[in-house]
Amino acid sequence: MPIEQLLILSIIQGLTEFWPVSSSGHLNLVHLLTKWEDQGPLIDVAVHFGSLFAILIYFWRDILNLWYGAWDLVRGQMTKDTKLLIYLIVASIPLMIFGYILHKTGIYKQLRTTEVIAWASIIFGLVLWVCDAYSPTKRTVEDTTWRDTFTIGFAQVLALIPGTSRSGVTMSAARYLGFKRTEAARFAMLLSIPAILGAASLAIFDLREIGDTSLQSDAIFAG
């Protein structure tokens with residue numbers, strides 16, 4: 001893969017990951033609108049893994065509290081940090097299950113088209129606008145309930161459609177449930193941690209099975 005393509009992909013990922021637009025959709029447009037070959041989902045996951053470090057650095061206080069929550073869970077105590085950790089794990093399960101199915105069946109690759117990306121961007125952009133404009137703004141992440149967890153978790157599955165922003169669709173669900181804008185964004189970013197880790201683990205397994213050293217080098221460089 002040309003070094004120029006890897007650099008462009010890394011820049012696009014860095015610019016789009018933290019906005020409610022689909023970074024994966026924009027990554028797909030690189031090969032769809034140029035003469036470059038499709039970099040494939042594995043490289044897409046690799047550049048997402050690079051964004052994970054930025055998220056961990058920015059939300060280090062939240063991450064530290066989640067570690068405390070994990071320790072409290074081991075000790076049999078149910079604190080607010082423990083509850084949030086459990087909610088994040090449970091909300092991630094639907095995405096991991098459906099993501100694994102789409103990956104193994106090859107359906108995900110079939111969705112990587114300009115038409116799908118365009119329609120998904122338009123439709124879910126409108127969904128985000130409606131949810132943000134007409135929903136109450138009063139709740140915080142600490143107010144999360146099981147209903148919120150399942151609603152946001154299943155909404156996140158829609159991000160498997162190229163062009164659908166994962167952060168955008170989870171923020172849409174959170175805003176619909178009445179979370180403040182900053183709190184909706186905070187929950188969406190924290191939820192990206194298990195999502196990226198799960199996708200990265202699957203990508204690493206695939207790279208080992210493929211045994212393509214050049215692809216492995218591209219993935220490491222992109223990340």
Side-chain angles (χ1 to χ4, degrees), residues 10-24 26-27 44-75 77-96 99 128 131-132 135 137-146 148-160 164-204 222-223:
S10 299
I11 292 172
I12 290 176
Q13 173 64 23
L15 292 174
T16 58
E17 174 62 26
F18 304 104
W19 293 86
V21 296
S22 175
S23 58
S24 296
H26 284 79
L27 292 175
D44 289 353
V45 171
V47 294
H48 275 79
F49 194 70
S51 300
L52 176 62
F53 289 100
I55 295 172
L56 293 175
I57 292 172
Y58 187 84
F59 289 97
W60 69 270
R61 290 186 179 86
D62 294 273
I63 304 302
L64 185 61
N65 289 333
L66 290 174
W67 276 112
Y68 290 148
W71 176 242
D72 291 334
L73 182 62
V74 171
R75 295 189 298 170
Q77 298 181 2
M78 187 60 66
T79 63
K80 65 177 183 179
D81 294 325
T82 304
K83 289 181 179 179
L84 178 58
L85 176 64
I86 294 174
Y87 289 149
L88 290 171
I89 294 173
V90 172
S92 301
I93 293 175
L95 178 68
M96 294 183 179
L128 176 59
C131 291
D132 183 63
S135 299
T137 306
K138 58 182 180 181
R139 302 178 63 198
T140 66
V141 169
E142 284 68 27
D143 301 323
T144 304
T145 65
W146 282 111
D148 304 327
T149 301
F150 288 116
T151 300
I152 297 174
F154 279 100
Q156 187 176 215
V157 173
L158 296 171
L160 294 171
T164 306
S165 168
R166 191 209 59 79
S167 61
V169 76
T170 51
M171 281 192 279
S172 296
R175 287 291 297 118
Y176 170 78
L177 294 168
F179 284 83
K180 298 177 181 178
R181 292 186 179 94
T182 54
E183 294 296 289
R186 177 184 166 205
F187 194 87
M189 289 296 103
L190 291 176
L191 201 55
S192 71
I193 297 173
I196 296 175
L197 286 176
S201 299
L202 184 60
I204 292 172

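Just so we're clear, the structure is a prediction, and the values are computed from it rather than from any experiment.
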Nearest-0.5 Å distance, OG1 of residue T145 to OH of residue Y87: 6.5 Å

Quick one: are T170 and F187 in side-chain contact, heavy atoms under 4.5 Å? no

Measuring from atom NE2 of H26 to atom CD1 of I12, what distance do you get when rounded to the nearest 0.5 angstrom? 8.0 Å

Whether E142 and K180 form a salt bridge (side-chain N of Lys/Arg under 4.0 Å from carboxylate O of Asp/Glu) is what I want to check. no

Which atom names give the shortest non-hydrogen contact between G153 and P94, and what distance separates them? O-CB, 3.9 Å

To the nearest 0.5 angstrom, please state how far the CD1 atom of I93 sits from the CZ atom of F154. 9.5 Å

Measure the CG-CH2 distance between D72 and W67 for me, rounded to the nearest 0.5 Å. 13.5 Å

If I take atom CG from residue D132 and atom CZ from residue R175, how far apart are they, to the nearest 0.5 angstrom? 4.5 Å

Are D143 and T140 linked by a side-chain donor-acceptor pair shorter than 3.5 Å? yes

Smallest heavy-atom separation, I86 atom then L73 atom, equals CD1-CD1, 4.3 Å

Non-hydrogen atoms of G168 and L128 that approach each other most closely: O-CD1, 3.8 Å

Does one side chain, of T144 or R139, offer a donor that lies under 3.5 Å from an acceptor on the other? no

Report yes if some heavy atom in the side chain of S192 is under 4.5 Å from a heavy atom in the side chain of R166; otherwise report no. yes

What's the shortest heavy-atom distance between A195 and L95, and which atoms? CB-CD2, 3.6 Å

Beyond-backbone contact of I193 with L66, side-chain heavy atoms, under 4.5 angstrom: no

Heavy atoms, side chains only, cut-off 4.5 Å: are D148 and F179 in contact? yes

Do you know the tightest heavy-atom contact between S22 and S165? N-CB, 3.5 Å

Does a sphere of radius 6.0 Å around CH2 in W146 hold more than 12 heavy atoms from other residues, nucleotides or ligands, not counting ones at 6.0 Å or beyond? yes

Has Y176 got more than 12 heavy atoms of other residues, nucleotides or ligands less than 6.0 Å from its OH? no

Indicate yes or no: at least one non-hydrogen side-chain atom of I152 is less than 4.5 angstrom from one of L177. yes

Which pair of non-hydrogen atoms, one from Q156 and one from A91, has the smallest distance, and what is that distance? NE2-O, 3.6 Å

Please round to the nearest 0.5 Å and tell me the distance separating atom CD1 of I63 and atom CD1 of I55. 9.0 Å

